[in-house]
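Because the structure is predicted, anything quoted here is derived from the model rather than measured. As the structure lists them, so they are numbered: ligands from 1, and atoms in each ligand from 1. Start at 1 with the first residue, then count along the sequence.
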Amino acid sequence: MPESTRHLVAIYPGTFDPLTHGHLDLIERGVRVADQLIVAVLRNEHKSPLFPVDERMAMLAEATSHYGNVEIDSFDGLLVDFARRRDATVILRGIRAISDYEYELQMALMNRRLAPNIETMFMMAGEAYSFISSRLVKEVFRLGGEIAGMVPPGVEARLRQRLPPGS
Ligand code: PNS
């Protein structure tokens with residue numbers, strides 16, 4: 001396809017329970033290389049998420065509304081099937097530290113086996129965010145620690161509603 005007509009659709013999949021500044025950093029990097037970035041929330045209730053899918057999607061929509069080329073969607077089943085349905089050719093994933101690598105490599109190779117035409121692209125999270133994970137944010141918040149600067153203000157407000165102090 002000639003360069004001028006190429007339209008790169010990338011999927012950034014995840015659990016996003018909840019969205020953090022680490023995720024937003026990846027989204028910011030992703031929109032610079034993709035023409036359309038679909039942030040896709042996994043609908044997997046087996047993971048017992050703190051936030052229902054609709055609320056996770058709402059938090060993402062609020063925090064990304066200033067981008068013209070970001071769409072929020074959700075999926076269940078195989079990620080590659082969703083990518084095919086959405087005509088995406090790239091799966092975007094972030095790597096924070098070497099500890100992420102093994103899991104990410106395994107997923108990328110499995111997805112490549114299932115769908116050879118879909119490429120996984122890794123991006124390094126900004127070093128300021130490399131220690132942030134949704135799991136740790138929830139843990140610190142539950143235990144009364146300060147999470148300002150790790151999640152957008154709207155996410156912090158929702159955490160406060162879901163996990164009132166002393167709960
Ligand atoms: O934010 P997470 O929890 O690290 O995201 C994991 C996710 C959603 C990318 C992964 O669990 C996934 O793609 N699940 C869909 C099921 C699937 O396609 N499995 C086979 C590929 S390894």
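Residue contacts with ligand 1: Asn111 is placed with no nitrogen or oxygen under 3.5 Å of a nitrogen or oxygen of the ligand (distance criterion only). At least one N or O atom of Leu79 sits closer than 3.5 Å to an N or O atom of ligand 1.
Summary of contacts: the protein heavy atom closest to atom 19 (N) of ligand 1 is Leu78 CD2, 4.0 Å. Closest to atom 1 (O) of ligand 1, if we only count protein heavy atoms, is Thr15 N, 3.0 Å. Here the heavy atom of the protein found nearest to atom 22 (S) of ligand 1 is Met107 CG, 3.6 Å.
Put simply, no part of Ala40 is less than 4.0 Å from ligand 1, judged by heavy atoms. Ligand 1 does not have Gln106 within reach: every non-hydrogen atom of the residue lies 4.0 Å or more from it. Ligand 1 is approached by Phe75 to a heavy-atom distance shorter than 4.0 Å. Ligand 1 has Tyr103 within reach: a non-hydrogen atom of the residue lies less than 4.0 Å from it.
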>> Determine whether Leu37 and Ile27 satisfy the following criterion, side-chain contact (heavy atoms from CB on, under 4.5 Å), listing intermediate values before the conclusion.
In response: CA-CA 8 Å; Leu37 183 66; Ile27 291 170; 4.0 Å; yes
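Across the listed options Arg93, Arg135, Arg43, His23, Arg93 owns the non-hydrogen atom lying nearest to atom 5 (O) of ligand 1.
Using a 4.0 Å cut-off to heavy atoms of Gly77, the atoms of ligand 1 that qualify are 15 (C), 16 (C).
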